[in-house]
Structure formats: structure tokens, C-alpha cells
Amino acid sequence: MSDVRTPERASARLDLRGHLPVLDGVRGLAILMVLVFHFVGNTLATNWVEGAIIGVTNYGSYGVELFFVLSGFLITGILYDARNKPHYFRDFYMRRLLRIFPLYYGVLALVFFVAPLIPLLRGPTLNYLVDRQAWAWLYAVNIYIAQAGDWSFSYLDHFWSLAIEEHFYLFWPLVVFLLARRPRVLIAVSLATALGALLARLIGSLMGLGWLTTYVLTPFRLDGLALGAFLTMMARQPNGVERLVRALPWVVTIAGGLLAVSFVWTRLVSHHGLELVLPVRASLILMLLACLLVWVLIAPAQSVTSRVFRSRALVFLGTYSYGLYVYHHFISYYLSNNRTELDLARWLGSHGAAVVLQATLGASVSLAIAYLSYELFEKRFLRLKRRFKTAEDLPPDSSRLAAVSFLERRPPVQGTELATTPAFNAAADGFNRSSDGHHNVN
């Protein structure tokens, strides 16, 4: 973190409008974590080594939390930058609709209308879903799961997080619209929302609500989205970037230290008090994921961090992350539910090799389907987004010029370099990459 020095008097801002490839890399990391979790973390361990590996890969579930933080960051930024534009609500919701609905409802149509016509796919599991399909059509899978107290929506269980994001889209644009002229209030509301979600989980846990209820219901899960909103608003305020940079090592140290203490306590000291420890632990991990997002944004262009998150592999995964998220669970659920790795292990003679092969093939097939879906189906709708311009649609060249001209006209303060650091140059470089502008993190 010593790569970035903060000026004492200069007021620098990152121009975050336009497309930043490094954020595709963050999105790529998030979906990679989810893939590892579902394709590896849900397998059976046959020895202590596999048990340890599966235990670690189970933390891939926090890829969803990273999606939430990134979504709050991007969506709030888009809304705030469009605050003075005509058709604020229409443009935002039409662009969200064109990005999200075609794939979401297209998959539901396949599951509920096409799959029942195929004899091979018929059975109790599909019948169960068809009988309860209204929950999926209404973006209420998370509510059904909470009500059932179990992961009871089989192939569509993972739609719980899409429901939370959609609920967020229903009210957050209005919040930003009402508070955009008072950014400090909006920052405070974002922090209060994040704290409120943590307190809601704590109170719910103490009241005896099941873990799954506080995991999937929207009011309990707004902290990641709200933290992302806080970061993007801070980055857009005078001296906001410098404040984030100064706070970064302190937040990482404190949150990381408390997280380590929580693990030591639950593993070595006592299993009592988990109803308090687990909700706090989840928030600490969210804070560290938010810090990761900040660090990625300010990392010098030639740093290892920037190179990793700009790598072709992560950017490629990030580009197709929405489809990957939607499609992969159909494959991973079938594999884990039927324990196919055990049959494969008997053929290969090694359970570990079977898990690796199955995960590789499952993820590869998921990626192939997501790629074809995006290129042949989703893009047709994404082209229509051009009719509903928002702040994210600044021409790449002009937004690069805006960033460069800002840097040029603000002389550095003696002894400081933030106004012309590689972090800012990297941000400017990212603006000359065109994008379809989709920001749905899932």
C-alpha cells in the first residue's frame, strides 16, 4: 500500500465512469470462487486431506458477497452520475431489464415449459419446481427457501442471490435520487444500511431465527450492497480517494485481526456464542472484500495486483459471469446430488482425481453454455441498451480525455504523487476499452 501516497491538500477524484477492465477481473474472481465452491466444496471427503481442501473451498461461497459489494459499487455509481439526467428512472430500469430479464426468464421458460416435455427430465424434482414456479417468476426464491428452512429449490436454489439484487434495484434508485444532492447524507445512509443489516442478523440470530433465514432474506443481506455504495460515493467526493487509501491498512488490520480471533475462538476455545460470532464474522469478511475492491482500483498499473485482475483469464470469466452463475448450478447440483464423483473415482482409481476432473469438466461446460448464451442470445437485447443512455455510456475516448485533463490541470503538491500516480493512469487507461456496459454482477 506504500505504492500510493496521498496528498495533504490536493483534492483528487477517480473518474469512475465508463468501463474499467480491472472490475471485470474482480467479477471473474467472484464467479471463480462460486464455481470452486459448488463443484469442489459440495463433494464428499474420503480422507483428511480432502476434508481440509473442501473446508477451504467452502469459503468460495463468499464469491456471492464479492458480487454484492461490486454490484452496490457499480449500481450506485451509475445512479449517482445520472442524477441530473432526464429519464433517470426509465433509463436505469430499462437497462437493468435488458441485461437481467432475458436470461433469467428465458431459463425459467426452459425449466417450466420445455423441460416437462422431455421424458428424460421428468420426475419428482422437476414436478416440485413446476408446482412452486410462481416463487421464481416473482424473484422470491430466497423467501421460499427461508420459509422452508432448507435449500429446497433444487436446481434453482442459487436464484436466491438474484432475488436479493432485484429487491435492491426496486428501492435503491429512489434512495439515490432523493439524496444525490446531499452526498454526505447518502454516504451516511449507506453505512447505516450496512450496520442495520449486521444488527438485523445479530438480533434475528438471538431471537432464534434459523441460520438460513438470515442468510437468504434481503433485509439481512444488504450490508455488502451498501458497503459497495459507500465506497463509490466516497470515491466521488473531494479527497474521498485519499481518505479511503489512508483508512485501508487500518481497516484491513483491524478486520483481519478480529476475523482471526473469531476463528481461534470457535475452533480452539468454545463453540458457545456462535449466534453472535457468525454474523459478525460474515461482516468482517465483507469489509475485507470491500478493501480488496479499493486496493484493486488504486493498485499501480504495473503491480502484481493490477496485472492479476487485468489478466485475460479473470476478465474473460468476468465478462460471462452472469450466465456462468445462472447455468453452472444446474450442472453442479446434478453432480453433487447424484454423487457422480464416486462413480468416476471407481473408474479412475482415485477420488481426488475424480473430483478435479469432474470440477474441470463441469466448469468448462458451464462456461461454454454461458459463452454461447451471451453471444447468440443476450447480446441481441444488450444492443437495445444504447437507446437508454446513462452515465456509464460516456464514449471511451472522451472519458479518457476527461480523466487525463483532470490530472494535467491539477498540479501535484510538493512531496506527493497521487495526482499522477500509476493508479490514476491505470484508471484512465481502462476507459479506452469499450464495453456493453453490463454491470449485473451475477
Side-chain angles (χ1 to χ4, degrees), residues 1-7 12-36 56 59-60 62-74 77 224 227-228 230-232 234-236 240-257 259-260 284-319 321 400 403-404 407 416-433 435 439 441:
M1 300 187 185
S2 59
D3 292 323
V4 179
R5 302 179 189 176
T6 42
R13 298 187 195 183
L14 278 171
D15 189 341
L16 295 171
R17 295 173 296 176
H19 179 63
L20 287 171
V22 72
L23 295 185
D24 280 334
V26 174
R27 192 182 286 111
L29 173 63
I31 192 60
L32 182 61
M33 292 170 66
V34 172
L35 291 175
V36 169
V56 171
Y59 286 96
Y62 282 97
V64 174
E65 320 297 340
L66 184 55
F67 273 135
F68 284 160
V69 174
L70 182 58
S71 183
F73 181 89
L74 292 169
L227 279 176
F230 164 77
L231 293 179
T232 201
M234 281 295 297
R236 283 167 165 79
V241 175
E242 297 94 307
R243 292 176 182 176
L244 290 175
V245 171
R246 290 193 191 102
L248 195 58
W250 291 98
V251 175
V252 170
T253 301
I254 295 173
L259 183 63
L284 292 173
I285 294 176
L286 270 176
M287 292 174 64
L288 292 175
L289 292 174
C291 290
L292 172 65
L293 179 59
V294 174
W295 181 236
V296 168
L297 284 169
I298 65 172
Q302 300 305 315
S303 67
V304 173
T305 300
S306 186
R307 289 178 182 231
V308 168
F309 284 95
R310 288 172 179 268
S311 66
R312 291 184 179 182
L314 282 185
V315 170
F316 183 80
L317 287 175
T319 301
S321 59
R400 174 177 171 80
V404 172
L407 298 176
T416 63
E417 286 106 311
L418 182 58
T420 56
T421 71
F424 280 83
N425 294 332
D429 289 339
F431 295 133
N432 67 357
R433 291 277 302 275
S435 168
H439 292 288
V441 297

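Each residue takes its place number in the sequence, starting with 1. Note that the structure is a prediction, hence the values are computed from the model and not measured.
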Worksheet item: Do you know which two heavy atoms are closest between Phe73 and Leu231, and how far apart they sit?
Response: CD1-CB, 3.9 Å
Worksheet item: Looking just at side-chain N and O atoms, do Arg307 and Ser311 make a donor-acceptor pair shorter than 3.5 Å?
Response: no
Response to the item:
When rounded to the nearest 0.5 Å, the distance separating CG of Leu23 from CZ of Arg310 is 9.5 Å
Response to the item:
Sequence neighbours excluded, the answer for side chain to side chain contact (heavy atoms under 4.5 Å, CB included) partners of Val69 is Leu286, Ala290, Leu293
Worksheet item: Is the side chain of Ser306 donor-acceptor paired with the backbone N or O of Gln302 at a distance under 3.5 Å, no angle test?
Response: no
Worksheet item: Does Val56 have any side chain to side chain contact (heavy atoms under 4.5 Å, CB included) partners at least two apart in sequence or in another chain, and if so, which?
Response: none
Worksheet item: Do you know the tightest heavy-atom contact between Cys291 and Val251?
Response: SG-CG1, 3.5 Å
Worksheet item: Heavy-atom distance under 4.5 Å between the side chains of Val252 and Trp295, does that happen here?
Response: no
Practice prompt. Kindly compute the distance separating CG (Leu244) from CZ (Arg246), expressed to the nearest 0.5 Å.
Written response: 10.5 Å
Worksheet, complete the sentence: side chain to side chain contact (heavy atoms under 4.5 Å, CB included) filter on Leu292, not counting sequence neighbours, yields Leu29, Val296, Phe309
Practice prompt. Indicate yes or no: at least one non-hydrogen side-chain atom of Leu74 is less than 4.5 angstrom from one of Arg27.
Written response: yes
Practice prompt. Search all heavy atoms of Leu314 against all heavy atoms of Val308 and return the closest pair with its distance.
Written response: CD1-O, 3.4 Å
Worksheet item: Any sub-3.5 Å donor-acceptor pair from Thr253's side-chain atoms to Pro249's backbone N or O?
Response: yes
Worksheet, complete the sentence: In this structure, CD1 of Ile31 is separated from CG of Leu66 (nearest 0.5 Å) by 10.5 Å
Worksheet item: Say you draw a straight line from CD of Glu65 to CE of Met287; how long is it, rounded to the nearest 0.5 Å?
Response: 14.5 Å
Discussion item. Is the shortest side-chain heavy-atom distance between Leu288 and Tyr62 below 4.5 Å?
Written reply: no
